[in-house]
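To start, the structure itself, in structure tokens.
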Amino acid sequence: MPEETVAQDEILAELTSFVERRFLPEGTASIESDAPLLQLGILTSLNTTELIAHIQEQYRLYIPPEHIVGRNFKTLDAISSFVFRLQGDPAAMA
């Protein structure tokens, strides 16, 4: 178990910063936490793979393949909620 569970709002802030820095086109300032990342083309299969690697490294979590589904990666809100829930899942402890 991680030494400390990270609060969901902190996860949201960190992931928002990561997505904005890595995946938004140059000159795009920010993205709303409820923006549809998949529909907008922000999360492609390659970007999703990079985001998952980031989550695993940043939060020391293993994301089981069956959890890599659209509903968990639809928006930044959905992703942060998913990561927050994973922190309490013994199967996700890396």
Q. Can Q58 and F18 be said to form a side chain to side chain contact (heavy atoms under 4.5 Å, CB included), step by step?
A. CA-CA 11 Å; Q58 179 74 25; F18 178 80; over 6 Å; no

Q.
Test your reading of the model: is there a side-chain donor-acceptor pair from T28 to the backbone of P25, 3.5 Å cut-off?
A. yes

Q: Check whether more than 12 heavy atoms from other residues, nucleotides or ligands sit under 6.0 Å from atom CD of Q39, and answer yes or no.
A: no

Q.
Working to the nearest 0.5 angstrom, can you tell me the gap between Q87 CD and R60 CZ?
A. 12.5 Å

Q: For R85, look at atom CZ and say whether over 12 heavy atoms of other residues, nucleotides or ligands are found less than 6.0 Å away.
A: yes

Q.
If I take atom NE2 from residue H67 and atom CZ from residue F73, how far apart are they, to the nearest 0.5 angstrom?
A. 10.5 Å

**Q.** Rounded distance (nearest 0.5 Å) linking atom CG of L51 with atom CG of L37
**A.** 8.5 Å

(Q) Can you tell me if E26 has over 12 outside heavy atoms packed within less than 6.0 Å of its CD? (A) no

Q. With distance as the sole criterion, is a donor-acceptor pair present between the side chains of D77 and S33 under 3.5 Å?
A. yes

Q) Side chain of N72, backbone of A78: donor and acceptor closer than 3.5 Å? A) no

Q: Mark yes when over 12 heavy atoms from residues, nucleotides or ligands other than R21 sit less than 6.0 Å from its CZ; otherwise mark no.
A: yes

(Q) For I68 and I52: C-alpha separation, side-chain torsions, deciding distance, then whether side chain to side chain contact (heavy atoms under 4.5 Å, CB included) applies. (A) CA-CA 9 Å; I68 303 171; I52 289 167; 3.7 Å; yes

**Q.** L38 and T75: CA distance, side-chain angles, deciding distance, side chain to side chain contact (heavy atoms under 4.5 Å, CB included) verdict
**A.** CA-CA 8 Å; L38 300 169; T75 64; over 6 Å; no

(Q) Nearest 0.5 Å, please: how far is CG in D89 from CZ in F82? (A) 9.0 Å

Q) Does I79 reach the side chain of I55, with side-chain heavy atoms less than 4.5 Å apart? A) yes

(Q) Using side chain to side chain contact (heavy atoms under 4.5 Å, CB included), reason through Y59 and L86 one step at a time and then give a plain yes or no. (A) CA-CA 10 Å; Y59 299 99; L86 275 180; over 6 Å; no

Q: First locate atom CD1 of I63, then atom CD of Q56, and finally report the distance between them rounded to the nearest 0.5 Å.
A: 5.0 Å

Q) Nearest 0.5 Å, what's the CD-CG distance between Q8 and L15? A) 10.5 Å

Q: Could you tell me whether the side chain of S80 and the main chain of L76 form a donor-acceptor pair under 3.5 Å?
A: yes

